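Written below as structure tokens is the structure these notes are about.
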Amino acid sequence: MSKVRYRGRFAPSPTGPLHFGSLVSALASYLDAKANQGEWLVRIEDIDPPRELAGATERILNALEYYGLHWDQSIVYQSSRQSIYQEYIDHLCTQQQAYPCTCSRKQLSTHRGHYPGICRNQQVIPASPFAIRLKTESIPIDIVDGIQGKQSCNLAEAGGDFIIKRKDGLFAYQLAVVVDDFLQEITHIIRGSDLLDSTPRQYYLQSVLGFLHPNYAHIPVIVANDGKKLSKQNLADPLPLKQPQTMLLRALHALNQHPLPELGDATVSEILQWATNHWNTSAIPQTLVIPEAQLPATVV
Ligand code: GLU
Ligand code: ZN
């Protein structure tokens with residue numbers, strides 16, 4: 001069996017249906033994989049039940065199918081992988097790279113998002129509920145993002161030791177995403193730039209666990225030309241399940257791929273084939289501003 005050189009993924013949390021912004025990110029990740037003869041996987045990040053919306057997973061998967069974004073291999077559901085995440089937590093605690101933290105939200109409220117290391121030297125397993133934090137180091141983490149360019153962050157200064165398992169027993173996104181990207185052998189991560197801030201923590205955790213780092217590229221958050229971010233009132237409406245061609249072309253415009261006017265009559269698979277053949281990551285702007293005329297119409 002030949003070794004897969006490129007493996008990308010789309011990893012939505014089932015907290016709601018896909019909207020135009022998520023289509024743009026999913027499409028970019030799909031096209032980059034296909035243009036590189038790679039595989040494109042879908043992973044459902046359902047590890048936070050309180051934030052999930054009933055039926056969202058089905059709606060997301062239906063929308064992907066409808067928009068022609070067919071995935072390779074079977075879907076991985078994070079909800080079925082708790083024991084794997086726990087093994088990594090145990091390993092990090094045994095190695096003294098992580099520790100239990102009993103601090104209350106109230107106790108930390110005066111530290112403005114920076115964890116001051118209160119429980120860092122806690123040796124015994126506490127009797128009261130505890131989170132698990134990863135020890136950070138005061139070193140710069142430099143990452144070259146495929147779209148956003150060089151990013152530098154000192155985790156110890158930025159937020160300090162961060163949570164990898166929550167006090168309520170749920171595994172933190174940062175841990176689950178790093179473990180799964182590694183176990184699924186993901187080589188390229190293309191996702192929305194709302195996750196740019198999380199990347200240094202993921203990168204650091206990969207280093208601590210001895211994992212190779214995937215390549216990262218963050219698609220800018222889309223703003224309407226009045227400078228507003230996607231909101232429920234405009235671009236954050238659920239993707240319509242009619243005329244996927246129109247939305248795909250708008251997404252390609254947003255990604256600055258200049259779809260040909262002739263594609264107006266094309267099928268979904270013709271559009272995706274054209275976009276794969278003409279995929280140009282260097283054309284993706286660092287900020288996506290969509291003119292009023294290109295805004296998806298409100299869903300009926
Ligand atoms: N599950 C995350 C989200 O939907 C994205 C994870 C990722 O792409 O790294 O926001
Ligand atoms: Zn603590």
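Ligands are counted one by one from 1 in listed order, and the atoms in each one are counted from 1 as well. All figures in this text were calculated on a predicted structure; none of them were measured in a lab.
Proximity of Asn154 to Ile139: side-chain heavy atoms (C-beta onward) are nowhere separated by under 4.5 Å. Residues Tyr85 and Val178 have side chains not in contact (no heavy-atom distance under 4.5 Å, counting atoms from C-beta outward).
There is a side-chain donor-acceptor pair under 3.5 Å between Arg43 and Gln184. Of the N and O atoms on the side chains of Asn121 and Tyr99, not one donor lies less than 3.5 Å from an acceptor on the other residue. For the residue pair His70 / Glu65, a side-chain donor-acceptor distance below 3.5 Å is found, with atom types taken as modelled. A donor-acceptor contact under 3.5 angstrom links the side chains of Thr199 and His218, judged on distance only.
Within the protein, the number of N, O or S atoms lying under 2.8 Å from the Zn ion (ligand 2) is 4.
Evaluated for a ring-ring contact (aromatic ring centres under 6.0 Å, His included) with His213, the options Tyr203, Tyr204, Phe182 yield exactly one hit, Tyr203.
Near ligand 1, Arg9, Ala11, Pro12, Ser13, Glu45, Tyr173, Val177, Arg191, Leu195 each place a heavy atom less than 4.0 angstrom from the ligand.
Within 6.0 Å of the CZ atom in Arg120, the count of heavy atoms belonging to other residues, nucleotides or ligands exceeds 12. More than 12 heavy-atom neighbours from other residues, nucleotides or ligands sit within 6.0 angstrom of CZ on Arg81.
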